[in-house]
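To keep things clear, I will list the structure first and then write my remarks on it.
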Amino acid sequence: MVKIKSLEELKRIKEQAQNSVSLRVKGDNIENMIQIRVAMATCGIASGAREVMNEFVEALGEEKIDNAVVTQTGCMGYCYAEPTIELTMPGKDPIIYGYVDKAKVHEIIDKTIKHGELIDGIINSQHKTIE
Amino acid sequence: MADYKFHILVCGGTGCQSSNSHEIMEALKQNVADAGMAEDCKVLMTGCFGFCEQGPIVKMLPDNTFYTSVKPEDAAEIVAEHIVKGRKVQRLLYVDPENEEHVSDAKHMEFYKKQMRIALRNCGFIDPENIDEYIARDGYAALAKCLTEMTPEEVIEEMKKSGLRGRGGAGFPTGLKWQFARGYKSDVKYVVCNADEGDPGAFMDRSILEGDPNSVIEAMAICGYAIGAKYGRVYIRAEYPLAIDRLSIAINQAREYGLLGDNILGTDFCFDIELMFGAGAFVCGEETALIHSMEGQRGEPTTKPPFPAESGFWNQPTNVNNVETWANVPVIFLKGADWFRSIGTEKSPGTKVFALAGKINNVGLIEVPMGTTLREVIYEIGGGIKNGKKFKAVQTGGPSGGCLTEKDLDTPIDFDNLVAKGSMMGSGGMIVMDEDDCMPAVAKFYLEFTQEESCGKCTPCRVGTTRLSELLTDITNGKGTLQHLEELKRLSEVIRDTALCGLGQTAPNPVLSTLRTFEDEYIAHVTEKTCPAGKCQALLKYEIIADACKGCTLCARNCPVGAISGTVKNPHVIDQSKCIKCGVCMNNCRFNAIVRH
């Protein structure tokens with residue numbers, strides 16, 4: 001380890017280390033977080049769910065949206081529309097988007113997450129999340 | 001660096017470790033790796049979550065799911081269901097005893113609702129063996145602030161303004177203590193952390209050192225800057241091996257970062273910490289005895305003054321604070337003295353950690369703002385008395401404290417209120433007793449403890465506690481008289497007024513407080529020779545009700561000393577001279593024909 005010789009260096013270490021605990025800080029306040037769950041069963045992964053998930057993590061990071069968490073879930077049953085994601089805005093019912101690709105990820109972030117605007121691709125409006 | 005999408009936190013406190021939490025962590029890691037998710041899911045061990053009753057605890061993030069009583073063989077299901085498929089494992093969730101609903105988030109549990117964690121802020125949140133995680137939680141920012149923006153005098157002023165009082169028991173204002181130590185001029189001064197936690201049932205200091213050792217290190221460095229000391233010592237009992245390990249790791253990491261050592265953060269402030277091990281003598285929690293023990297002498301107290309601030313370790317000015325006190329210090333500088341003052345009560349600001357034990361549903365470690373009532377602690381956080389029994393008393397302050405009863409339940413807890421009620425804060429042990437606990441026996445338990453732990457230096461304590469304990473033994477054996485009670489009281493007062501140090505002066509407290517509030521029970525022991533709680537074996541009598549006895553012979557066959565005689569289908573009789581009062585006959589009787597009185 002390199003010695004910390006000033007306040008600035010301490011701050012720099014703090015910023016680097018922040019990543020390692022930020023997930024826990026968010027978890028402490030999960031009710032107020034935007035939650036994105038990517039269906040990652042075999043069909044999802046085969047259709048590119050992993051890339052979609054990584055794209056979400058990166059794009060949210062670039063956009064500096066730090067009140068969001070991205071996790072994976074099992075098969076949601078919409079295998080015809082993979083990759084599918086479930087988006088839950090704080091205090092709202094979850095929405096399911098199907099046929100999500102990298103471009104769609106950015107559209108979801110720009111419109112739904114930032115402005116609460118629903119876009120094409122919602123595949124089941126009656127959806128209920130399974131705990 | 002890979003961004004983990006899940007964190008699995010496994011409790012690494014001593015309680016959960018003894019229930020195999022290490023194996024749970026290894027099993028989780030293995031399963032995560034087998035599922036091909038090692039890059040997405042981080043498994044780590046943290047300090048104590050406090051809910052020891054339900055341990056081992058495993059916490060899942062980011063969804064904040066709290067799994068209880070986890071076993072190593074549950075790891076596969078947790079990973080396959082929760083991590084891979086995103087479904088909670090219902091059977092491992094906490095079940096609310098009120099409405100039998102599963103509660104997945106700790107925030108919705110009664111146990112956590114009224115808590116406020118300042119000293120325990122990082123316990124169960126960070127990896128205590130990784131200083132980066134502490135830094136990520138604003139660690140060492142308070143030290144940096146003190147070193148770069150404040151003079152030592154300003155640091156002391158801020159401490160005084162915060163009103164923080166020593167959490168070791170006596171409640172002496174910390175800022176004032178620092179000021180005294182600063183006031184004495186010397187080239188060599190010492191900052192000492194008192195980690196000689198000895199009250200039966202109390203384990204907050206151990207948990208802080210195990211869960212967040214850096215907070216203590218940082219606070220000691222701040223104090224070093226304030227009083228002008230370069231040397232820090234942690235006096236810790238050798239029977240806390242895990243705390244010693246974690247603290248040693250933290251000290252080494254802090255040294256590597258230059259947060260301990262010479263020219264800390266580029267300033268001319270130098271400070272380093274060494275560990276010193278105690279052999280686990282209760283009296284060494286007293287600061288003068290602690291210092292003697294550190295010097296390699298017998299752990300015996302000396303009269304104050306001189307106070308350690310004037311002449312302490314190697315006769316140099318020394319400031320001693322307790323672990324929990326230290327853990328509060330960095331937060332005060334980060335959030336300000338005014339913020340700290342806004343919590344708790346006017347004369348006792350801040351929070352206090354309590355170790356709940358005894359006949360209570362939720363045994364564990366809790367932290368609440370000062371001024372919370374005993375009722376809230378016992379019934380809301382603690383979940384009430386075990387097995388629906390009736391509350392009788394709560395013992396606070398350990399062997400130096402006293403018992404509080406039903407009528408004291410609505411007292412807001414702070415240093416002064418507890419003393420006014422005849423008990424004390426102590427280090428925060430809270431032992432809850434129900435209707436089955438016998439108060440003279442409780443007093444006897446504590447007296448045996450202090451008698452054993454007395455260092456023997458002064459006569460009132462050495463001989464006095466022995467005599468007290470003998471008197472109590474007589475009373476609980478049915479050999480007591482009213483004279484015994486008079487003698488108990490008189491002797492207690494003499495010891496209180498004449499013993500050399502706090503151990504002896506407070507040793508009679510359990511006797512005086514139970515004698516005051518449960519005098520009837522003492523009188524029943526000496527005049528009627530009965531134990532109302534049914535605890536003192538020597539005073540019990542088992543009898544067979546002839547009308548109810550069917551002569552099944554079960555009691556006679558189970559009696560370990562052959563005290564029961566009788567023929568089949570005829571009422572049996574207990575020979576009182578042989579009976580050892582073990583109660584086996586009563587537990588076995590199917591016709592409720594045996595009574596105890």
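First the proteins, then the strands, lettered A, B, ... as listed; each starts at 1. In what follows, every heavy atom counts, from backbone to side chain, and hydrogens, waters and symmetry copies are set aside. Nothing here was measured: the structure is a model prediction, and the numbers come from that model.
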Between A:K3 and B:R255, is there a donor-acceptor pair closer than 3.5 Å when you use the side chain of the first and the backbone of the second?
-> yes
Structural part of B:E81 lying under 4.5 Å from a heavy atom of chain A | neither
With side-chain contact (heavy atoms from CB on, under 4.5 Å) as the test, would you mind laying out the steps for A:N54 and B:K5 before giving the verdict?
-> CA-CA 10 Å; A:N54 291 338; B:K5 298 178 186 84; 3.4 Å; yes
Looking at B:G261, B:G258, B:P62, which has the largest count of heavy-atom pairs under 4.5 Å with chain A?
-> B:P62
Can you tell which part of A:V70 gets under 4.5 Å to a heavy atom of chain B, answering side chain, backbone, both or neither?
-> backbone
Report the residues that fulfil side-chain contact (heavy atoms from CB on, under 4.5 Å) with B:N130, sequence neighbours left out, ordered by chain and then residue number.
-> B:D127, B:D132, B:E133
Near A:D120 CG, under 6.0 Å, is it more than 12 heavy atoms from other residues, nucleotides or ligands?
-> no
Residues of residues 135-145 of chain B with a heavy atom under 4.5 Å from any heavy atom of chain A, in residue-number order, are B:I135, B:A136, B:R137, B:D138, B:G139, B:Y140, B:A141, B:A144
side-chain contact (heavy atoms from CB on, under 4.5 Å) partners for B:A35, two or more places apart = B:M37, B:V79, B:V84
Nearest non-hydrogen partners of A:R50 and B:D40, listed with the distance | NH1-OD2, 3.7 Å
For A:V2, is it the side chain, the backbone, both, or neither that has a heavy atom closer than 4.5 Å to a heavy atom of chain B?
-> backbone
Whether A:S6 side chain and B:L265 backbone form a donor-acceptor pair below 3.5 Å = no
How long is the span from the CG atom in A:L7 to the CD atom in B:E149, to the nearest 0.5 Å?
-> 7.0 Å
Residues of residues 21-34 of chain A contacting chain B, heavy-atom criterion under 4.5 Å, by residue number | A:V21, A:L23, A:R24, A:V25, A:G27, A:D28, A:N29, A:I30, A:E31
Distance col, row A:I4:CD1 vs B:I131:CD1, nearest 0.5 angstrom, shows 7.0 Å
In terms of heavy-atom proximity below 4.5 Å to chain A, should B:I264 be classed as side chain, backbone, both, or neither?
-> neither
B:L147 portion near chain A, given a 4.5 angstrom heavy-atom threshold = neither
